[in-house]
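All values below were derived from every heavy atom in this structure, side-chain atoms included, with hydrogens, water molecules and symmetry-related copies excluded.
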Amino acid sequence: SLADAPNGRLLRLPADAISLDGATEVVPEGSGSIGRWVVTDSLVHVALHEGGPSELRAYRHDGTLVATAPTPPVTSIRSLVSLEGDEVLFSVGSYTRPEAFRRWTGRAGEPLREAALRISSPADFSGIEVVREWAASRDGTRVPISVLRPRGARLDGSNQIGRAHV
């Protein structure tokens, strides 16, 4: 629901409900917006977007956070589909890795499993890291900036930078 929650929150309703009056909150509104979500046997998997980057979280049906999927930093989660049991299939891509599908059951500490679906690229970005930085505008608004830099680059001002024309 977006009622009184601009970033969204997940509510549970009886199947015969015709209004939000009897709703109970399962996932409260957070700093990130709810992009996608699916319900599995005992979990609710929620893709949250923080300005651009995404993360996938698993909650019990009562709203208790169980785990956050171990995705690379500054990634985008697109598709999200429930499979059997508590397993989900979702696509994840980043500035340095082409989009690929992963499987996850929402257990804490569980690694993602690769699915056969993926996009390939002739470009090799294995020597590049992506970090999320913040700048302040004149009015104090925090502005996110995604920085791609050589892995292990010295942060002392001695590195050359390139400029992209958009």
Between Thr96 and Phe125, the two heavy atoms sitting closest are O-CB, 3.6 Å
Check the hydrophobic clustering (I, L, V, M, F, W, Y; side-chain heavy atoms under 4.5 Å; chains of links allowed) and say if Leu83 and Phe101 are grouped together. yes
What's the separation between atom OG in Ser82 and atom CZ in Phe90, rounded to the nearest 0.5 Å? 14.0 Å
Considering non-hydrogen atoms only, spot the tightest contact between Ala115 and Leu89 and give its length. CB-CD1, 3.8 Å
Are the side chains of Arg132 and Pro73 in touch, meaning some heavy atoms are under 4.5 Å apart? no
For residues Ser91 and Glu99, is any side-chain donor paired with an opposing acceptor at under 3.5 Å? yes
Can you confirm whether the side chains of Ser54 and His49 place a donor and an acceptor under 3.5 Å from each other? yes
If I take atom CZ from residue Arg113 and atom CZ from residue Arg102, how far apart are they, to the nearest 0.5 angstrom? 12.0 Å
Under 3.5 Å, is there a donor-acceptor pair between the side chain of Arg151 and the main chain of Ile128? yes
How close do Ala100 and Arg118 get, counting heavy atoms only, and between which atoms? CB-CB, 3.7 Å
Would you kindly say whether Ser1 and Arg9 are connected by a side-chain donor-acceptor distance under 3.5 Å? no
Before you tell me yes or no, could you show the steps for Val88 and Leu80 under side-chain contact (heavy atoms from CB on, under 4.5 Å), namely the whole-Å CA-CA distance, both residues' side-chain angles and the distance that decides it to 0.1 Å? CA-CA 7 Å; Val88 294; Leu80 178 60; 4.0 Å; yes
Count the heavy atoms of every other residue, nucleotide or ligand shown that sit under 6.0 Å from CG of Asp41, and state whether that count exceeds 12. yes
Between Val130 and Ile145, is there a shared hydrophobic cluster once you connect ILVMFWY residues whose side-chain heavy atoms come closer than 4.5 Å? no
Tell me whether Leu13 shares a hydrophobic cluster with Val26, the cluster being built from Ile, Leu, Val, Met, Phe, Trp, Tyr side chains joined at under 4.5 Å. no
Trp104 versus Pro111, closest heavy-atom pair with distance: CD1-O, 4.3 Å
Is Ile77 reachable from Ile34 through a run of hydrophobic residues whose side-chain heavy atoms are each under 4.5 Å from the next? no
Just verifying a value: how many Å separate Thr68 OG1 and Tyr59 OH, rounded to the nearest 0.5 Å? 7.0 Å
One should read off an interatomic distance between Leu2 CG and Ser33 OG, to the nearest 0.5 angstrom, of 9.5 Å
Let's go through Leu10 and Glu25 carefully: what are the C-alpha distance in whole Å and the side-chain angles of both, what is the deciding distance for side-chain contact (heavy atoms from CB on, under 4.5 Å) to 0.1 Å, and is it a yes or a no? CA-CA 6 Å; Leu10 293 183; Glu25 188 174 75; over 6 Å; no
Restricting to non-hydrogen atoms, name the atom on Ser137 and the atom on Val143 that form the minimum distance, rounded to 0.1 Å. CB-CG2, 4.2 Å
Measure the shortest side-chain to side-chain distance between Val74 and Ser146 over non-hydrogen atoms and say whether it is less than 4.5 angstrom. yes
side-chain hydrogen bond (donor to acceptor under 3.5 Å, both in side chains) evaluation trace for Ser42 with Asp86: CA-CA 6 Å; Ser42 66; Asp86 283 325; 2.5 Å; yes
Around Ile18, counting heavy atoms of other residues, nucleotides and ligands shown, do more than 12 lie under 6.0 Å from its CD1? no
Which distance, rounded to the nearest 0.5 Å, do you find between the OG1 of Thr71 and the CD of Glu55? 7.0 Å
Using distance alone, with no hydrogens and no angle criterion, decide if Glu110 and Thr105 have a side-chain donor and acceptor under 3.5 Å apart. yes
Apply salt bridge (Lys or Arg N to Asp or Glu O under 4.0 Å) to Asp62 and Arg60, showing your working. CA-CA 5 Å; Asp62 67 4; Arg60 288 192 180 89; 5.7 Å; no
Does Val46 reach the side chain of Leu56, with side-chain heavy atoms less than 4.5 Å apart? no
Please walk me through it: do Leu112 and Arg103 pass side-chain contact (heavy atoms from CB on, under 4.5 Å)? CA-CA 6 Å; Leu112 301 177; Arg103 297 169 74 125; over 6 Å; no
Inter-residue atom distance Glu50.CD - Asn7.CG, 0.5 Å rounding: 8.0 Å
Heavy-atom pair with the smallest gap, counting every atom of Ala108 and Val66: CB-O, 3.9 Å
Measure the shortest side-chain to side-chain distance between Arg57 and Leu65 over non-hydrogen atoms and say whether it is less than 4.5 angstrom. yes
Could you tell me whether a side-chain N or O of Arg36 sits under 3.5 Å from a main-chain N or O of Arg78, the two making a donor and an acceptor? yes
Run the numbers on Thr40 and His45 for side-chain contact (heavy atoms from CB on, under 4.5 Å), then give the verdict. CA-CA 8 Å; Thr40 62; His45 295 264; 3.6 Å; yes
